[in-house]
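Step one of this worksheet: look at the structure below.
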Amino acid sequence: EGHKLVLENLKFTTASLKSNGTVVSSPINVSASPQVIFTSDTLGSSDTISVEYMLTVPPTQEPGDYSANLTYTVSSL
């Protein structure tokens, strides 16, 4: 099973190639609950998005192997 990370130590931002929609421009904490990472414009135009993750490893973090599973779902709001 491996070691567990504190979710507050893992943050993300998103960016869009065409800049038509709304992105997460300031880092926010990853959550175990569903989160909106991008909202398209009012026309529902297509876009290409990227997600950047930032992990803060505190000095007290236990060394070892860590893993995670992320699920992305495309849906209408």
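Everything quoted here is computed from the prediction, not taken from an experiment.
- The hydrophobic cluster containing M54 does not contain V24, counting ILVMFWY residues as joined when their side-chain heavy atoms lie under 4.5 angstrom apart, directly or transitively.
- In plain terms, the two heavy atoms of L5 and L55 that are nearest each other are CD1-CD1, 4.0 Å.
- For S16 and D47, the side-chain atoms include at least one donor-acceptor pair closer than 3.5 Å.
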| field | Steps toward side chain to side chain donor-acceptor pair (under 3.5 Å) verdict (T56, N9) | value | CA-CA 5 Å; T56 301; N9 292 338; 5.5 Å; no
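- Residue F12 is grouped with residue Y72 when hydrophobic side chains (ILVMFWY) are merged at heavy-atom distances under 4.5 angstrom, including chains of intermediate members.
- V36 and L70 fall into different hydrophobic clusters, where Ile, Leu, Val, Met, Phe, Trp and Tyr are joined by side-chain heavy atoms under 4.5 Å apart, directly or via other members.
- K18 NZ to D41 CG: the interatomic distance, rounded to the nearest 0.5 Å, is 9.5 Å.
- Under a cut-off of 6.0 angstrom, the local environment of CD in Q35 is crowded, with over 12 non-hydrogen atoms contributed by other residues, nucleotides or ligands.
- Between the OG atom in S50 and the CG atom in L17 there is a gap of 8.5 Å [rounded to 0.5 Å].
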| task | Go through the steps to decide whether I49 and I37 satisfy the test side chain to side chain contact (heavy atoms under 4.5 Å, CB included), and finish with yes or no. | result | CA-CA 9 Å; I49 64 168; I37 64 170; 4.0 Å; yes
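- Nearest heavy atoms, S45 versus S40: O-CB, 3.8 Å.
- Closest non-hydrogen pair, N29 versus L7, comes out as CB-O, 4.3 Å.
- Using a 4.5 Å heavy-atom threshold, the side chains of V30 and E8 count as separate.
- In the hydrophobic cluster analysis, where Ile, Leu, Val, Met, Phe, Trp and Tyr join through side-chain heavy atoms closer than 4.5 angstrom, L10 is grouped together with V57.
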